[in-house]
2 protein chains.
Amino acid sequence: MTDLDTISWRGIHLELLRRINERIWPPGSLIPNEADLAAEFGCARTTVNRAMRELAEAGLVDRKRRAGTRVALHPISRVVIDIPIIRLEVEQRNAEWSYGLLSQDMQPAPARITSRLGLERDTAMLHVTSMHFADNHPLLHEDRWINPAAVPGVEEMDFAAVSANEWLIQNAPYTGGDIAFSALNADSKLAELLEADDGAAVFVVDRITWDGQVPVTAVRLSYAPGYRMNTRV
Amino acid sequence: MTDLDTISWRGIHLELLRRINERIWPPGSLIPNEADLAAEFGCARTTVNRAMRELAEAGLVDRKRRAGTRVALHPISRVVIDIPIIRLEVEQRNAEWSYGLLSQDMQPAPARITSRLGLERDTAMLHVTSMHFADNHPLLHEDRWINPAAVPGVEEMDFAAVSANEWLIQNAPYTGGDIAFSALNADSKLAELLEADDGAAVFVVDRITWDGQVPVTAVRLSYAPGYRMNTRV
DNA sequence: ATCGCTATTATGTATGCACATATTAATCTG
DNA sequence: CAGATTAATATGTGCATACATAATAGCGAT
């Protein structure tokens, strides 16, 4: 019998974690069912279920209805990254955020944008480019295309006063999106904006979002050399 | 009253999502409490709680005990990235995975490793470098330091036969880790290994893991140019 | 007016029960 | 014996209830 000081689902969760980590239940093995565990821990099945569900969401166990619960054979590590508004990310590091609009105009979007968003070729979209600074050093370049059909009133906005990044998050709800992280060499124009050397390696985030079926925006964030996106497991 | 075809927590979850998305409950506003919502939906408070908890975990609402639930003012997007074993990642794309060991030896770890892991200067660690290929094209370079004190038997392993990436995941449990994503210019040696140009922008994953208080491994994965890490929101 | 106690309120968690659902094992039937 | 039907089983979900816990509001005493 196990001494769980607190008989809560958290306690049980930890105990199950321990048994998996210490290979008491090795990868691939079958875990006792919820009813048995509930009996062992002296709690309701609901409580065990809660603990187990947490393990399943973390990818540590696989559950199937009549087959039971097994320790995952290939424990993937599931990394959670929180992407806040850029201003907040900067301010959280106690740096001073500032921002500058580079360009803002309606124009036919290039094919690489329209095709990814599933829009007609040469659809007129709002193109906004800008820079974000942390303590007056260039932090990132934002290159954004906005579907005016999805965001009423966006054509009248002046993104010199408020960043598109922030305004859209507040004013253009979305239901889903794709994100891709990659590395690119800065071309001379980008290098100059980021005050970096030509060809410097730049961390790039490409993101497109939709609201239901309607594409909202496609954006590329190019971070100044040295930027690291951190997280914990 | 709302027509929820299925009175399940998922249905309620969707309905709450809709009200947030459509600004029926604008950012910052207070949401009715669980009991009231349960009455509205004609279900038990438990069920509403389940739906609300999901929203809270996604960062869409903030909940405080006596204060109630508010729609998050700065909706962060919470991205979940699954990092599988490299072999599986390759095979999932229907590519043929192959692997080559470059070096494997015990040596005093450099300060940048020991300091990040909280180990004594010049601690002897197992240094393993290798390459992973997809369809015989270089995919990534793996540069790994392993704490032999944390992984008994690792000194006798031959990582020519099985990749350290895979062996460790199967044999060295961990309880936590740090991950950082960044972009770096390939030096000439790395460029040659990746069959890329000198200075090419390389997507880099730095990861350290520990088991309890004991550091297990520090690894840098440098991906060949063009690699993108994708996910959805 | 300030400090400290108490009541109130909304969420957090646990329980016992019931039924739903996916999956597998066993059994029946031609 | 093959194929279809049925039973058994573990997880998934919902409900009513109860109590725990955090945070606030209000009250009272000094």
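In the text below, chain A, chain B and the rest are named by the order of the sequence lines, each starting its count at 1. All values derive from a computational prediction rather than experimental measurement.
Contact of the A/E142 side chain with the A/N165 side chain is registered, since non-hydrogen atoms from C-beta on lie closer than 4.5 Å. No side-chain heavy atom of A/V233 sits less than 4.5 Å from a side-chain heavy atom of B/T209. Residues B/V214 and B/N147 are in side-chain contact: their nearest non-hydrogen atoms beyond the backbone lie under 4.5 Å apart.
Between B/R70 and B/D62 no salt bridge is recorded (no basic side-chain N to carboxylate O distance below 4.0 Å). The pair B/R53-B/E34 fails the salt-bridge criterion, with no side-chain N (NZ, NE, NH1 or NH2) lying under 4.0 Å from an Asp/Glu carboxylate O. With respect to B/R228 and A/D206, a salt bridge is recorded, a charged nitrogen being found less than 4.0 Å from a carboxylate O.
Residue A/N49 contributes atom CG, which lies 17 Å from atom P of C/dC17 at whole-angstrom precision. B/E57 places its CD atom 10 Å from the P atom of C/dG12, with the value rounded to the nearest Å. One interatomic measurement links the two molecules: CD1 of A/I12 to P of C/dT13, which rounds to 13 Å at whole-angstrom precision. Per the geometry, CZ belonging to B/R45 stands 12 Å off C1' belonging to C/dA14, to the nearest Å. In this structure, A/E34 places its CD atom 17 Å from P of C/dC17, rounding to the nearest Å. Separating the CG atom of B/D62 from the P atom of C/dG12 is a distance of 11 Å, rounded to the nearest angstrom.
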Nucleotide-resolved protein contact map, nucleotides 20-28 of chain C, B/S/- at heavy-atom distance under 4.0 Å: -BBBBS---
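Of the residues near DNA chain C, A/T47 and B/R63, the one whose nearest nucleotide (by heavy atom distance) lies more toward the 5' end is B/R63. With the nearest nucleotide of DNA chain D identified for both A/R53 and A/G68, A/G68 has the one nearer the 5' end.
Stacking of B/R207 on the aromatic ring of B/Y174 is recorded, both the 6.0 Å distance cut-off and the 45° axial limit being met. A cation-pi arrangement is absent between A/R220 and A/F181, since the terminal nitrogen or guanidinium carbon is not both under 6.0 Å from the aromatic centre and inside a 45° cone about the axis.
Under the 6.0 Å cut-off for aromatic ring centres, A/W97 and A/F133 do not qualify, their centroids lying 6.0 Å or more apart.
Within the 4.0 Å cut-off from OP1 or OP2 of C/dT13, not a single side-chain nitrogen or oxygen of A/T46 is found.
Where DNA chain D meets chain B (any atom under 4.0 Å from a heavy atom), the bounding nucleotides read 5' to 3' are D/dT13 to D/dA25.
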